[in-house]
Protein chains: 2
Amino acid sequence: MSAALPPFPHTEEPFGRTELLQLDTAAHEPNACLRADAARNRARLLDAAARLVAEHGAAGVTMEAVAAAANVGKGTVFRRFGDRTGLLTALLDHSEKKFQAAFLGGPPPLGPGAPPVERLRAFGCAMLRRSAEQLDLQLAAEPSADRRFASPPLRVLHGHVVLLLRQAVPDADTELVAHTLMGYLNPVLIHHLTRQCGMPLERLEDGWTDLVDRVTAPACSTPAAPARRTSAAPAPGVNS
Amino acid sequence: MSAALPPFPHTEEPFGRTELLQLDTAAHEPNACLRADAARNRARLLDAAARLVAEHGAAGVTMEAVAAAANVGKGTVFRRFGDRTGLLTALLDHSEKKFQAAFLGGPPPLGPGAPPVERLRAFGCAMLRRSAEQLDLQLAAEPSADRRFASPPLRVLHGHVVLLLRQAVPDADTELVAHTLMGYLNPVLIHHLTRQCGMPLERLEDGWTDLVDRVTAPACSTPAAPARRTSAAPAPGVNS
DNA sequence: AAATTAAACGGACCTCGGTCCGGATCGTTA
DNA sequence: TAACGATCCGGACCGAGGTCCGTTTAATTT
């Protein structure tokens, strides 16, 4: 119906189908097999974009402005990054990679070594703090609807949480619980709570640890939980 | 910095500052004190929009198209509804009102009369089902960032959940927990899970009741919950 | 080194959301 | 009913995202 053939053959796959959990470095290592000029322009563009963001904030990152500032045609920007969110995402990529490395292989309590529940706590707090900076960029990069949850970075994060949850609360629909947890860390929500409602970040962090505790608490005889047809199975559809 | 004076004096307040919880009917009753021609055009526009949505889906609702279909100038559309999301929101308004009435004053288990936890369960399931239809419209009406959480409809929903939570789990930062719960019901997430991952709605419903149970479970000695500086107080900042 | 081809380039062009403002209308007051 | 001010109307206009397609260029083959 709408599955248009790629208008640009080699657009930086806005959101490829990275298979499950694994550092998505390889698939995303940028200047890998790019033609020389392409790589050069990519660098120029990213550089220009960063400059613009520094000068005029995320809102100042106009596709035309970036193109101009990089001495490059508008079409080139779209070819490389697909669309605006693609460009912004690429800008955030560096910080993203660092964070992934931290909770996948770094030292405890974020990385492996600590008990799952504790890692969950650390995970959320780290994300909250990371979002506190970068908030404007993250908001601007927020893709509407579809891609939002399909994006590789989010998939990695989600997958990580699922893994930890499976250890902490095996008897649960971890997929769904993970989405709940991740929802709490949604930049849009964080923005609303901190910037619009004026909540201090500490309160959000407390809320997070409390949430983790509640969600991972042993099911100690909930009073009346009628007819729960809990289907905690891996699920039929394409997971994510 | 950006607080522009209203370009249009009488634009249907996209998102007014309705004070706290209360059926926002009064404040929003549409054709109230509108000039005759304005009211007439408002009706025409809404009608045209509905027609377009029926014919071409939510994506077909272009501001220009609506204006044309209603035999009205483009500016008029913006004057009345502020922007695209305002128009879409107005379209969803009817269903919204019905739903609000149902859980605020309707029969149990949705309305008052049942125990809080049970009402919470019903609430989520009802929302899930309501979203299942209307999904495309809701997605299209989704305002980006800012207004997302400031919108009166969402405030009412959120407020309701807060109220129920205060009864069910007095010792908790209900504000935050409510946001968590509402996050689970986010149309974008529902869309992803049902349409993109192919999860059956039933699974989401099970997930909801399970979530409610976990979150409202009595705090029965969580193993090791170190140094939780739980500040469950009404909170300093502007609540929402 | 010349030929070949896949990919990259660039900018004209389109669409759509949103703004502006001169002129038409409504509702009211005298 | 005549005049007046507040409100509304409409469509020209603007900026930004996104597409197209003819041209240029980097890599590979002969």
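Below, chain A is the first sequence line, B the second, and so on; all start at residue 1.
- Side-chain nitrogen and oxygen atoms of Asn41(B) include at least one within less than 4.0 Å of the OP1 or OP2 phosphate oxygen of dC9(D).
- Under the 3.5 Å distance criterion, the side-chain polar atoms of Thr76(A) are left unmatched by any main-chain donor or acceptor of Val72(A).
- Here the C1' atom of nucleotide dC26(C) and the CG atom of Asp37(B) are 6 Å apart, to the nearest Å.
- Rounded to a whole Å, the CG atom of Asn71(A) is 10 Å from the P atom of dG11(C).
- For the pair Arg130(A) and Phe99(A), the distance from NZ or CZ to the six-membered ring centre is under 6.0 Å and the angle to the ring normal is within 45 degrees.
- dG27(C) atom P lies 10 Å from atom CZ of Arg40(B), rounded to whole Å.
- Rounded to a whole Å, the CG atom of Leu88(A) is 15 Å from the P atom of dA16(D).
- Looking at Arg35(A), its side chain has no donor and acceptor atom pair within 3.5 Å of the base of dA8(C).
- A donor-acceptor pair is defined here as one N or O able to donate and one able to accept, closer than 3.5 Å; no such pair exists between the side chain of Arg84(B) and the backbone of Ala141(B).
- Between the CG atom of Leu45(B) and the CE atom of Met63(B) there is a distance of 9.0 Å, given to the nearest 0.5 Å.
- In terms of phosphate contacts, Arg80(A) brings a side-chain nitrogen or oxygen within less than 4.0 Å of OP1 or OP2 of dC9(C).
- In the set dC26(C), dA26(D), dG10(D), dA26(D) carries the atom at the smallest distance from any side-chain atom of Ala36(A).
- Here dG18(C) presents its C1' atom at 16 Å from CZ of Phe81(B), a figure rounded to the nearest Å.
- In this structure, the side chain of Arg80(A) does not engage the main chain of Arg42(A) through any donor-acceptor pair within 3.5 Å.
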Show each protein N/O and nucleotides 28-30 of chain D N/O combination with a separation under 3.5 Å, one pair to a line.
none

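- For the pair Thr76(B) and dC8(D), the criterion of a side-chain N or O lying under 4.0 Å from OP1 or OP2 is not met.
- Following rounding to the nearest Å, Arg44(B) (CZ) and dC8(D) (P) show an atom-to-atom distance of 16 Å.
- Arg155(A) contributes no side-chain N or O that, together with a main-chain N or O of Ala150(A), makes up a donor-acceptor pair within less than 3.5 Å.
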Close N or O pairs between protein and nucleotides 15-17 of chain C (under 3.5 Å):
residue, atom, partner, partner atom, Å
dG17(C), OP2, Met63(B), N, 3.1
dG17(C), N7, Lys74(B), NZ, 3.0
dG17(C), O6, Lys74(B), NZ, 3.3

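- Here the closest non-hydrogen pair linking Gln134(B) and Ser95(B) is NE2-OG, 2.9 Å.
- With hydrogens and angles ignored, the 3.5 Å screen pairs a side-chain donor or acceptor of Thr194(A) with a backbone N or O of Ile190(A).
- Summarising the geometry, the separation between CG on Leu45(A) and P on dA8(C) is reported as 13 Å, rounded to the nearest angstrom.
- Taking the six-membered ring for Trp and thresholds of 30 and 60 degrees, Phe103(A) and Phe123(A) have ring planes more than 60 degrees apart, a perpendicular arrangement.
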